[in-house]
Every structure is written in C-alpha cells, then in structure tokens.
Amino acid sequence: MGFWIMLLSGLIGLALVIYAFKKELPKGQKIAFWLIGAALLVFAVALALPMACSFS
C-alpha cells in the first residue's frame with residue numbers, strides 16, 4: 001500500500017507544480033500550488049527511500 005501512496009502523491013505533486021507553472025494564476029495561488037506540490041513530491045521521495053534501501 002505504501003507504494004501506491006508514494007506513486008499517487010508523487011504524481012499529484014508533479015501535476016500541481018506543472019499546473020502552477022503553465023497557468024496564469026494570482027501570485028498567492030501560484031505559490032500555494034508550488035508549495036503543496038513540492039511537499040507532496042518530498043513526501044513521495046521520503047516514502048520511496050526506505051523501500052529502495054530494502055531491495056539491496
């Protein structure tokens with residue numbers, strides 16, 4: 001289940017960052033999208049690291 005949480009949070013985070021980059025949004029909203037997207041990407045990486053270490 002951790003794999004799916006990692007995958008979904010990474011994809012959603014990436015989508016939010018791309019959406020904020022491509023759309024003309026107000027500055028505050030753009031910053032919020034960037035921060036939430038980046039936080040989700042960091043969360044996905046934090047979940048992935050223990051899984052990657054357990055394979056070796």
Side-chain angles (χ1 to χ4, degrees):
M1 180 150 155
F3 172 77
W4 294 109
I5 294 171
M6 174 199 63
L7 186 66
L8 286 174
S9 64
L11 289 175
I12 292 169
L14 186 62
L16 284 174
V17 169
I18 291 171
Y19 181 78
F21 182 72
K22 291 194 175 223
K23 287 287 183 178
E24 290 296 325
L25 299 171
K27 186 171 181 142
Q29 197 174 15
K30 186 173 271 206
I31 291 171
F33 272 81
W34 273 95
L35 289 176
I36 294 169
L40 284 171
L41 285 171
V42 168
F43 178 69
V45 170
L47 282 177
L49 285 176
M51 282 192 236
C53 293
S54 68
F55 286 126
S56 53

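Keep in mind that the numbers below use all heavy atoms, side chains included, and drop hydrogens, waters and symmetry copies.
- Residues Leu40 and Leu7 fall into different hydrophobic clusters, defined by Ile, Leu, Val, Met, Phe, Trp and Tyr side chains chained together at heavy-atom separations under 4.5 Å.
- Placement of Leu35 and Phe21 in two distinct hydrophobic clusters is found when ILVMFWY residues are connected by side-chain heavy-atom separations under 4.5 Å, directly or transitively.
- Residues passing the side chain to side chain contact (heavy atoms under 4.5 Å, CB included) test with Leu8: none are found, sequence neighbours excluded.
- Summarising the geometry of Met6 relative to Ala48, their closest heavy-atom pair is SD-CB, 3.2 Å, with the distance given to 0.1 Å.
- The heavy-atom pair separating Lys30 from Lys23 by the smallest distance is NZ-O, 3.5 Å.
- Under the side chain to side chain contact (heavy atoms under 4.5 Å, CB included) criterion, Leu41 pairs with Leu14, Val17, not counting sequence neighbours.
- Listed here is the closest heavy atom pair of Ser9 and Ala44: OG-CB, 3.5 Å.
- Residues in residues 24-45 take part in these ring-ring contact (aromatic ring centres under 6.0 Å, His included) pairs, two or more places apart or across chains: Tyr19-Phe33.
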